[in-house]
2 protein chains.
Amino acid sequence: MVFQIDFKAGKPVYLQLVDQVRRAAASGVLRPGEALPSIRPLAEALRINRNTVAKAYSELESQGVIETVLGKGSFLTNGGSPFAKSVRDKLLIAEVDQAVVAAHHMNVDRESFLALVGERLDHFERKLVESQKP
Amino acid sequence: MVFQIDFKAGKPVYLQLVDQVRRAAASGVLRPGEALPSIRPLAEALRINRNTVAKAYSELESQGVIETVLGKGSFLTNGGSPFAKSVRDKLLIAEVDQAVVAAHHMNVDRESFLALVGERLDHFERKLVESQKP
DNA sequence: CCTACTGTCATAGTAACATATGACAGTAGG
DNA sequence: CCTACTGTCATATGTTACTATGACAGTAGG
């Protein structure tokens with residue numbers, strides 16, 4: 001698992017890490033129960049501070065993506081966020097709406113947009129299958 | 001046009017305004033050429049600072065959503081963002097990916113997700129039609 | 001011209017983010 | 001037990017993002 005930090009991205013570093021771990025989990029690159037890189041080595045590899053990685057992991061734990069045990073490490077949960085369904089639905093709708101608004105504003109028509117969504121779904125499904133082969 | 005600010009949303013106030021104006025533009029609630037609320041009255045109505053509104057409008061102008069004339073006001077452009085197509089595509093893909101990852105992570109399957117996307121497209125198309133009637 | 005509106009700029013204070021460092025606590029293996 | 005690994009906490013520091021305040025500049029109409 002290789003992570004990548006962009007300092008001039010405008011987005012907070014710790015949130016970049018959160019997103020990438022979530023993506024790795026969603027695409028199957030990281031599997032349930034699997035251990036994440038430990039804080040100190042990962043911080044060194046990414047050239048960022050221990051506390052920044054710790055903050056990202058802490059955020060991921062509060063989102064229910066990982067579980068962390070003092071002295072042992074952090075591990076992917078077997079899936080299923082801790083959010084109530086209604087809350088999750090609202091979050092998902094908000095995400096979808098943002099993409100839909102962006103498409104509208106860029107004059108992307110319905111068919112093109114649905115095609116793009118299909119493409120991206122395929123893209124992640126492909127990564128998921130690949131990661132389960134070897 | 002009524003805007004709504006949530007101070008405990010975690011998201012910067014000026015970006016909340018940007019999103020809402022973009023949504024209003026995308027859904028047709030605001031039409032090309034139409035004047036936006038002027039900075040000071042809007043700031044007062046929303047109980048936020050004039051400069052916060054000004055910053056939102058400035059951001060919207062740099063995104064090509066509105067045009068603003070000193071002493072006259074700010075107006076919706078007749079559409080078409082100033083971004084090059086490739087840049088726009090990357091932005092749109094990033095938006096879509098974020099929604100797709102969220103869906104994956106919430107164990108929402110492909111069909112349900114596509115159904116949701118269709119729903120939200122309908123939702124905005126409906127608002128667009130409604131706003132063009134009267 | 002003057003007043004009332006428009007947006008704009010300069011400045012300053014507060015909060016968030018990231019880093020750096022040191023100390024502490026639990027776990028595993030020699 | 002001791003050492004080396006894990007995560008956690010507290011504190012300090014610098015930078016940047018955000019918000020707030022007041023002064024400035026262009027426009028329109030009486």
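Letters A, B, ... mirror the listed sequences (proteins, then strands); counts begin at 1. What you are looking at is a predicted structure, and each value in this text was computed from that prediction instead of being measured.
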Per the salt bridge (Lys or Arg N to Asp or Glu O under 4.0 Å) rule, what does the pair list look like for residues 62-75 of chain A, sequence neighbours excluded? none
Starting at the 5' end of DNA chain C, what dot-bracket string do you get if Watson-Crick and G-U pairs under 3.5 Å are bracketed, crossing pairs use [ ], other-strand pairs use | and unpaired bases use dots? ||||||||||||||||||||||||||||||
When the distance from CD of Glu59(B) to P of dT8(C) is rounded to whole Å, what number comes out? 14 Å
Residue set satisfying side chain to side chain contact (heavy atoms under 4.5 Å, CB included) with Ala54(A), at least two apart, ordered chain then number -> Ile39(A)
Do Phe124(A) and Leu121(A) land in one hydrophobic cluster if side-chain heavy atoms of ILVMFWY residues count as linked below 4.5 Å? yes
Quick one: which protein N/O atoms are closer than 3.5 Å to N/O atoms of nucleotides 26-30 of chain C? Pair and distance per line, please.
{"from": "dG26(C)", "atom 1": "N2", "to": "Gly71(A)", "atom 2": "O", "distance (Å)": "3.4"}
{"from": "dA28(C)", "atom 1": "OP1", "to": "Lys72(A)", "atom 2": "NZ", "distance (Å)": "3.4"}

For residues 34-54 of chain B, which residue pairs pass the salt bridge (Lys or Arg N to Asp or Glu O under 4.0 Å) check, not counting sequence neighbours? none
Under 4.5 Å side-chain heavy-atom separation, chaining through any Ile, Leu, Val, Met, Phe, Trp or Tyr, what else clusters with Val69(B)? Say none if it is isolated. none
Can you sort out the partners of Thr52(B) under side-chain hydrogen bond (donor to acceptor under 3.5 Å, both in side chains), two or more places apart, ordered by chain and number? none
d(CD1, Ile66(B); P, dT6(C)) in whole Å: 14 Å
OP1 or OP2 of dG7(D) sitting under 4.0 Å from any side-chain N/O of Thr68(A)? no
Can you name the side-chain hydrogen bond (donor to acceptor under 3.5 Å, both in side chains) partners of Glu59(A), sequence neighbours left out? Gln63(A)
Output every pair passing side chain to side chain donor-acceptor pair (under 3.5 Å) with a member in residues 8-19 of chain A, not counting sequence neighbours, ordered by first then second residue. Lys11(A)-Asp19(A)
Nearest-angstrom distance from the residue atom NZ of Lys11(B) to C1' of dA16(C): 17 Å
Please report the distance, rounded to the nearest Å, between CG in Leu15(A) and P in dA17(D). 15 Å
Counterpart residues, side-chain hydrogen bond (donor to acceptor under 3.5 Å, both in side chains), relative to Thr68(B) (two or more places apart): Ser74(B)
Arg40(B) CZ to dC24(D) P, in whole Å, measures 14 Å
Using a 4.0 Å heavy-atom cut-off, does Phe75(A) contact any base of the nucleic acid, only the sugar-phosphate backbone, or nothing at all? nothing
Taking only N and O in the side chain of Lys55(A), is any of them less than 4.0 Å away from OP1 or OP2 of dA18(C)? no
Can you list every salt bridge (Lys or Arg N to Asp or Glu O under 4.0 Å) pair that touches residues 91-111 of chain B, not counting sequence neighbours? Arg23(A)-Asp97(B), Arg120(A)-Asp97(B), Asp122(A)-Arg110(B), Glu125(A)-Arg110(B)
Output the residues of residues 41-53 of chain B in contact with DNA chain C, where contact means a heavy atom of the residue under 4.0 Å from an atom of the strand; sort by number or write none. Pro41(B), Asn51(B)
Give a yes/no answer on whether the side chain of Tyr14(B) brings an N or O atom under 4.0 Å of OP1 or OP2 in dT19(D). no
What's the CZ-C1' distance between Phe7(B) and dA16(C), to the nearest Å? 17 Å
Length of the OH-C1' vector between Tyr57(B) and dT6(C), whole Å: 12 Å
If I compare all heavy atoms of Val108(A) with all of Phe113(A), which pair ends up nearest, and what's the gap? CG1-N, 3.8 Å
